[in-house]
Structures are given as structure tokens and as C-alpha cells.
Protein chains: 2
Amino acid sequence: MKILIIEDEIALAESITAYLSKEGYLCENITSYSEGLSKIFDYKYDCILLDLMLPGGNGLELLEAFRRENKNEGVIIISAKDRVEDKIKGLQLGADDYLSKPFHLSELSARIYSLMRRKNFENTNILQYNELQINLMSKSVLVDKKSIKITKKEYQLLLFLIGNKNRVISKGSIAEHLSGDMADMLDNHDFVYTHINNLKKKLSRAGGEDYIKSIYGMGYKWEL
Amino acid sequence: MKILIIEDEIALAESITAYLSKEGYLCENITSYSEGLSKIFDYKYDCILLDLMLPGGNGLELLEAFRRENKNEGVIIISAKDRVEDKIKGLQLGADDYLSKPFHLSELSARIYSLMRRKNFENTNILQYNELQINLMSKSVLVDKKSIKITKKEYQLLLFLIGNKNRVISKGSIAEHLSGDMADMLDNHDFVYTHINNLKKKLSRAGGEDYIKSIYGMGYKWEL
DNA sequence: TTTGCAGGATGAAAATTTTGATAATCGAAG
DNA sequence: CTTCGATTATCAAAATTTTCATCCTGCAAA
């Protein structure tokens, strides 16, 4: 499941991202009207979280333009405005749901979940990078159209790497992401080595290229 | 680690609770000045998150009263006010940190973590219920002063049950809490049976009473 | 009371995750 | 170009988590 978050409050956007990633969604963040405009037409998302008050333009116009193109991804408006008029206007323009700030993340998550249920499940919940294909709905991974068996942690790791593609992420943050537990800092994160290793092995044994680069002293990076 | 959250925005309080619980903290929520006043003197917490604008009184007064009693738990102020004066006043009154809204949860978590590091680690990070003693710092469990070996999931389960003591929690929400993953709904949650079972076994084998009651068709409850 | 079933308990097997030991590699300092 | 210490890779063992099959129990209908 791929989610586009259009929200200029960085803090909020990041906590949404953190929360939803932990739930297995792949999130992308956009902070302005113009960025939104381009992204929204370039890529296919399962769900778009749209803030109404954006620098550079109103969120509703974005939604309007979007629907005019017959894009039919799910759109959830998140807005500080709680006026009935706005809500109605948003829904008229084709938003699927409206959530007023402040909301709590589990609420958002529930809305997304039920939205996804309503929508045709068999959308393009598929990421494809050359020979690698990930079905975010069924949480399965194909290499050269052949399914490979991957564990939960490996899958999480894969998504985390891909979600930060071309960016180096430290062993520590991988560990944090995978453990789902309390900040470790002091703990030892060696299990990351194993997961990285196993993931690489599984992908390459299935004939995949090796996108996972290790950057000495820095961390790992999913290249291209 | 036991955290008291004094915050009247329910949505915010709940998302904080959700996030911190996942990190292994035990959270309690309070929404008003007066409640805060009583709670704060009755119990011992490791950390108090204090909103400044509360129904029934100002948070700073609470903090003042609190310090007057020589209580020295860590206090982190969370406030929508971002004025320097407020920040200074808060810190003068003995707050340990000041976080302006909106913040993101990982930031809060980091602050709590570093605060705990600064404070004397060997506080009363211990919950005691009769023969059962839980050290939230070292994440260890004693029954009749004898340490028992408990796994991460079992520990999480124990804290989740205790954190909701005398309240029935469903198998589903236990599963959600333990898996740290995406909402399942459809998945099968039978592994909860096993964890409940193992936890009960470990506790009773060590001579503990059986506080975990199973409520047919409803879930489980930590009784007293 | 008896019966039938859904929910729950239990234990062992299967799968996954984590740890630990050891080897390989990198990059800085000499 | 070596050497050294720190970081990463690799593999197997240990520990934990999850699944699975089977049994038990509480509840409701007959």
C-alpha cells in the first residue's frame, strides 16, 4: 500500500509517516501545492492524505484537478478546518473521507483501512523495479515473476530500504524500525546484519540484482 | 518506566499513549488540573508530560505545587505556546524540558529517553502488586523476589494487561499490540493463546497468583 | 440433562528471529 | 605498502515466536 501525504506541517507529516510505516504502508511526503500537482499525476498511489491549507495553493483545487483527470485513488482530507461547509465541499469534490485536526493516528489508520476495503482491492498495489515486484496488498515479493518466500522482518526491511531509496540509512534506524520496541541506543543491533544478509541472499538467489549497497560506517542504501 | 500524561486534548493524549506504550512505557492519562493534583501526589512516576493549558487551572501552577513538595520526577512541558517567556518560566519552575506543539512523537520519545538518562536511573521504576514486582527500567520481572525469565512478547503482554487492569481487553487488541504490525482483522490471532498461556505458566510456576482471568467470548482481564 | 459448538487451553512442531563466534573487508595511520 | 582496529559478512546454534492439531470448557438450545 502506497500512500502520498500532502501536508506542510513537517512534524505532523513525519509522525503520520512513522506511524503508517510501522503498519506496513509505504509513505511519501510532499509539502506544497506544486509538488503535489506533479507527483499526483506521475505516480499511482492507493491513498492520498491531503491537507487543505497548503503553501502555494488550496488543497481543494488540487483535488479538483485530480478528479478532473479521472484519477480514482482514495483521498482523505485532513484539515484544521472543522466547518461543515468545508467538509461538504471536500466530499462533493470527490474526497472519500474527511478528518479534522487534531486526530489521532490510530483513527487515521482505521480510516485508511476502511477506505482501502471499500475501494477495489485489486489496484496497482504493486511496486515494480526492473525484475523486482512487490505486492503491497498481499505482502508478497516476486523476482522475475517467481514468488520468493520472505519473512516478516525481511519484508519490513525491504520496504524500509525501498522507501528510502538512494538514501543511506543507519544500522541503528533499521534496528529501531524492525524491533518496534523501545529506543535501544545501548543495545546491540547486530541482528540487522543477519537480516540484510538473508534478504540479499534471497533476492539474489532468485536472480535479482543487488540493489542493497553497504556504506562503510554509515549504513545501507537501496540503489536505484 | 511509568509516565503520567496530563493533557486535555484526548486525541493527542491517546496518540502519545499509543506510541509510548509501543516503546515499552506504561502510560496513564489525566485530563484536568484537579485530577493531576491528586494523582501527582499519590503516585510515583518517572516522567510527567504536562500540558500548560488545562481545564481547571494552569499547568505551571501544578508544576509549582509539585516542586514545592520536593517531588523530583522528570517533567516535560508540552505546550502550544511557543513564546520564549513561557519556556523560561517553565524551566525556572523546574521543568526538565519544553516541547512546543506540534511535535512529533519520535521527538517526544527521544526527549523522554534523554531525560531518563540524565535522572538517576535507579528510581522507583518498579511496579509492585503483592508478590509480583516489575522493574520497568531493566524490563525484568520478579515473583516473590525471585527473578523469572520472560521473553519480550510476554513482557509486552504483561504490561499491556497490567496497564489495563480490571478492564477486559480483546484477543484482537492484544494481537495488534503484540504484533506491532498492520491491522490484521482477517488474520488469525491464535498466537495470543500461546502467549497468555506461557505467561500464566511462568508466573504461577514461580509461585505467583493468577491474576489473568479469561472472559469467555470477550478477552482477558488482569484482575486487581 | 444432554448435545453441539464456538471459544479457549495446551503442548509440540515448524518457522522465524536473535545471538555469538569467526572470517572478511575497509580505511586510517604509520 | 603494511598493519591495526573497527565495521561488516557469514554461518550455525540458541532462543523466541507462530502455527497446528487436539483436547477441554462454557454456553445455549433442545
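Note on naming: letters A, B, ... go to the chains in the order of the sequence lines (proteins, then strands), and numbering restarts at 1 for each one.
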Next on the checklist: Any side-chain N or O of A:Tyr193 below 4.0 angstrom from OP1/OP2 of D:dT8?
Outcome noted: yes
Next on the checklist: How many whole angstroms separate atom CZ of B:Phe191 from atom C1' of C:dT17?
Outcome noted: 15 Å
Checklist entry - Whole-Å distance between D:dT18 P and A:Tyr155 OH? => result 18 Å
Item to check | Nearest-Å distance for atom pair NZ/C1', residues B:Lys139 and D:dT16 | outcome: 16 Å
Checklist outcome for this item: So CG of A:Asn198 and CZ of A:Phe191: to nearest 0.5 Å the spacing works out to 13.0 Å
Item to check | Length of the line joining A:Ile174:CD1 and D:dT8:C1', which is rounded to integer Å | outcome: 12 Å
Item to check | Euclidean distance, atom NZ of residue B:Lys153 to atom C1' of D:dT19 [Å, nearest integer] | outcome: 14 Å
Next on the checklist: Rounded to whole Å, please give me the gap between CG in B:Leu157 and P in D:dT18.
Outcome noted: 12 Å
Item to check | Residues from residues 195-220 of chain B lying under 4.0 Å of DNA chain C - heavy atoms | outcome: B:Asn197, B:Lys201, B:Ser214, B:Ile215, B:Tyr216, B:Gly217, B:Met218, B:Tyr220
Next on the checklist: Please compare A:Lys149 and A:Asp190 by the position of their nearest nucleotide in DNA chain C and report the one closer to 5'.
Outcome noted: A:Lys149
Next on the checklist: Taking atom types as they are modelled, would you say the side chain of A:Thr151 forms a donor-acceptor pair with the base of C:dT17 within the 3.5 Å cutoff?
Outcome noted: no
Next on the checklist: Any donor-acceptor pair under 3.5 Å linking the side-chain atoms of B:Asp51 with those of B:Ser79?
Outcome noted: no
Checklist entry - What is the distance, rounded to the nearest whole Å, between atom NZ of A:Lys152 and atom P of D:dT16? => result 18 Å
Checklist outcome for this item: Here the distance between atom P of D:dT17 and atom CG of A:Leu178, to the nearest Å, is 15 Å
Checklist entry - Any side-chain heavy atom of A:Lys221 sitting closer than 4.5 Å to one from A:Arg167? => result no
Next on the checklist: Between A:Gln128 (side chain only) and A:Asn130 (backbone N and O only), is there a donor and an acceptor less than 3.5 Å apart?
Outcome noted: yes
Item to check | Within-4.5 Å side-chain heavy-atom neighbours: B:Trp222 and B:Leu158 | outcome: yes
Next on the checklist: Taking side-chain contact (heavy atoms from CB on, under 4.5 Å) as the definition, give me every residue that meets it alongside B:Lys146, ordered by chain and number, with sequence neighbours left out.
Outcome noted: none
Next on the checklist: What I'd like to find out is whether the side chain of A:Ile112 reaches to under 4.5 Å of the side chain of A:Tyr25, using heavy atoms alone.
Outcome noted: yes
